[in-house]
Protein chains: 2
Amino acid sequence: MLAAREPVTLRALVEGTGASTMAVYTHFGGMPGLWSAVRQEGFTRLAARLAAVPRTGDPVHDVAAHGVAYARNALEAPELYRAMFDARADLADAEAADATFQRLVDAVARARDEGRLDPGTDPLALATRSWAAGHGLVSLVVQGVLPAAVLAPQASATTVALLTAAGDDPDRCRASVERAWAAG
Amino acid sequence: MLAAREPVTLRALVEGTGASTMAVYTHFGGMPGLWSAVRQEGFTRLAARLAAVPRTGDPVHDVAAHGVAYARNALEAPELYRAMFDARADLADAEAADATFQRLVDAVARARDEGRLDPGTDPLALATRSWAAGHGLVSLVVQGVLPAAVLAPQASATTVALLTAAGDDPDRCRASVERAWAAG
DNA sequence: GGCCGTAACATAGCAGCGCTATGCTACGGT
DNA sequence: ACCGTAGCATAGCGCTGCTATGTTACGGCC
């Protein structure tokens with residue numbers, strides 16, 4: 001129904017399922033609970049995506065690969081991505097989202113610890129910066145403001161800029177990041 | 001009503017105004033039209049903000065100043081910013097939004113033409129990159145996912161990274177950008 | 001100056017929404 | 001064999017955006 005742009009109403013949901021509207025209240029407690037479950041499903045899928053990113057010998061590539069996985073997850077289920085960051089429902093499952101975000105923080109920390117980034121780099125701050133930039137790009141694409149074709153080159157360029165500013169060698173960084181986007 | 005987190009309903013809107021629900025249909029054609037007008041007002045205010053950014057002798061500072069104005073506009077009316085990018089209403093006033101965005105493109109082009117950025121810099125691409133990153137950061141802050149305190153340092157760092165990657169001198173860039181954020 | 005066409009509005013009521021009170025039904029423990 | 005409980009179907013509540021209809025007030029025309 002999300003993909004078909006149909007309004008998601010309680011009555012339309014149960015129609016054809018043989019169940020009544022009460023089933024939604026038994027299992028989800030109401031429409032807000034159902035939306036919350038949908039959002040949680042979105043974070044679960046994203047977490048699975050990021051967990052599937054392999055750890056290679058190139059930590060900068062791995063950081064970029066997290067971004068690729070993030071973008072692919074959003075583009076393959078844009079409605080779910082939009083629901084995840086919908087403003088009308090407060091996201092109470094912040095701990096699950098935080099755990100997922102921590103994977104990116106760890107990847108950044110590894111790139112620093114293995115000497116690709118400045119020793120003084122704050123992994124949390126850089127990961128936050130990268131996530132925010134990627135989120136903005138993905139949001140605008142998912143919403144149709146920007147065409148999907150700009151996502152890969154823009155995300156790639158932004159990642160290179162952020163990691164280069166954090167100390168990585170520009171050429172080496174570009175190679176690592178573009179390899180991640182080419183593979184994804 | 002947006003600021004008070006109250007649901008914006010037709011009947012609640014006209015209550016106390018002496019008008020009836022029909023006035024909304026006469027002037028806006030319905031609730032979607034009213035939301036569209038609200039969003040357009042948001043873009044109008046943003047355009048006014050960006051138009052008020054003075055042109056100084058430092059084009060990189062001016063680029064960053066556009067970001068500062070963008071962020072201030074969003075933080076001073078977060079509900080309006082959220083409405084502007086609400087997914088449930090398609091934004092048909094894309095031409096107005098484009099005209100506003102063009103200001104940033106022009107600022108980037110000036111920074112390139114005055115020699116601060118690489119001659120091969122694509123102003124549209126770099127402006128898009130900057131806007132997307134800023135939009136992501138502002139969205140997460142406005143939605144309460146990130147604390148407001150991280151906005152200035154993160155936006156500043158991202159801007160420096162993007163403009164440095166485009167060819168500006170790192171130290172000079174940092175000085176220009178941080179001066180913009182300190183002034184804003 | 002008297003008339004009317006039109007634009008704007010108030011009123012009442014429509015279908016649809018999320019939600020809940022109530023009663024039925026089918027299952028598991030004693 | 002019994003009953004307590006979990007789950008669900010039904011009916012209906014208040015509210016939503018919206019519309020059909022009647023009313024009013026203003027501006028152009030003879």
Side-chain angles (χ1 to χ4, degrees), chain A residues 1-45 77-94 96-97 139 142-145, chain B residues 1-45 77-94 96-97 139 142-145:
Chain A
M1 294 172 68
L2 286 173
R5 293 272 188 275
E6 299 168 356
V8 180
T9 72
L10 184 56
R11 287 171 173 79
L13 260 177
V14 301
E15 191 168 350
T17 65
S20 77
T21 62
M22 271 305 294
V24 173
Y25 289 87
T26 299
H27 296 289
F28 300 100
M31 284 300 282
L34 188 137
W35 279 113
S36 181
V38 168
R39 284 198 4 262
Q40 190 135 4
E41 170 70 17
F43 280 109
T44 300
R45 292 190 191 182
E79 303 82 17
L80 204 52
Y81 188 84
R82 245 177 297 161
M84 285 167 66
F85 294 98
D86 199 310
R88 63 195 122 185
D90 47 359
L91 39 108
D93 44 4
S139 292
V142 152
Q143 206 160 334
V145 178
Chain B
M1 294 171 68
L2 286 174
R5 293 270 190 275
E6 298 168 358
V8 180
T9 72
L10 184 57
R11 286 170 173 80
L13 261 178
V14 301
E15 190 168 352
T17 65
S20 77
T21 63
M22 273 304 295
V24 173
Y25 288 86
T26 300
H27 296 289
F28 300 100
M31 283 300 282
L34 188 138
W35 280 113
S36 181
V38 168
R39 283 197 6 260
Q40 191 133 2
E41 169 70 17
F43 280 107
T44 300
R45 293 191 190 182
E79 303 81 19
L80 203 53
Y81 187 84
R82 246 178 296 163
M84 285 167 67
F85 293 98
D86 201 309
R88 63 197 121 179
D90 47 0
L91 39 109
D93 44 4
S139 291
V142 153
Q143 207 160 334
V145 179

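Keep in mind that the numbers below use all heavy atoms, side chains included, and drop hydrogens, waters and symmetry copies. Every chain is numbered from 1 and lettered A, B, ... according to where its sequence line falls, protein lines coming before strand lines. Every value quoted in this text rests on a predicted model; they were computed, and no experiment measured them.
Rounding to the nearest 0.5 Å gives a distance of 10.5 Å between CG of D86(A) and CZ of R82(B). Here the CZ-CG distance, from F28(B) to L13(B), works out to 9.0 Å after rounding to the nearest 0.5 Å. With values rounded to the nearest 0.5 angstrom, M84(B) atom CE is found 10.0 Å from S139(B) atom OG.
For the segment residues 6-14 of chain B, residues with any heavy atom less than 4.0 angstrom from an atom of DNA chain D are, sorted by number, V8(B), T9(B), L10(B), R11(B).
Note: CE (M31(B)) to P (dT19(D)) measures 13 Å, nearest angstrom. For the pair Y25(A) OH and dG12(D) P, the computed distance is 18 Å after rounding to whole Å.
Ion pairing between R45(B) and E41(B) holds under the 4.0 Å rule for side-chain N and carboxylate O.
Across all their heavy atoms, R11(A) and T21(A) have their closest contact at CG-CG2, 4.4 Å.
T44(B) contributes a side-chain N or O that, together with a main-chain N or O of Q40(B), makes up a donor-acceptor pair within less than 3.5 Å. Panel note: side chain T26(B), backbone M22(B); a donor-acceptor pair is recorded below 3.5 Å.
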Protein and nucleotides 9-12 of chain C: nitrogen or oxygen contacts under 3.5 angstrom:
from, atom 1, to, atom 2, distance (Å)
dC9(C), OP1, H27(B), NE2, 3.4
dC9(C), OP2, H27(B), NE2, 3.1
dA10(C), OP1, G18(B), O, 2.9
dA10(C), OP2, S20(B), N, 2.5
dA10(C), OP2, S20(B), OG, 2.8

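Residues T17(A) and V14(A) meet the side-chain proximity criterion, which asks for heavy atoms closer than 4.5 Å.
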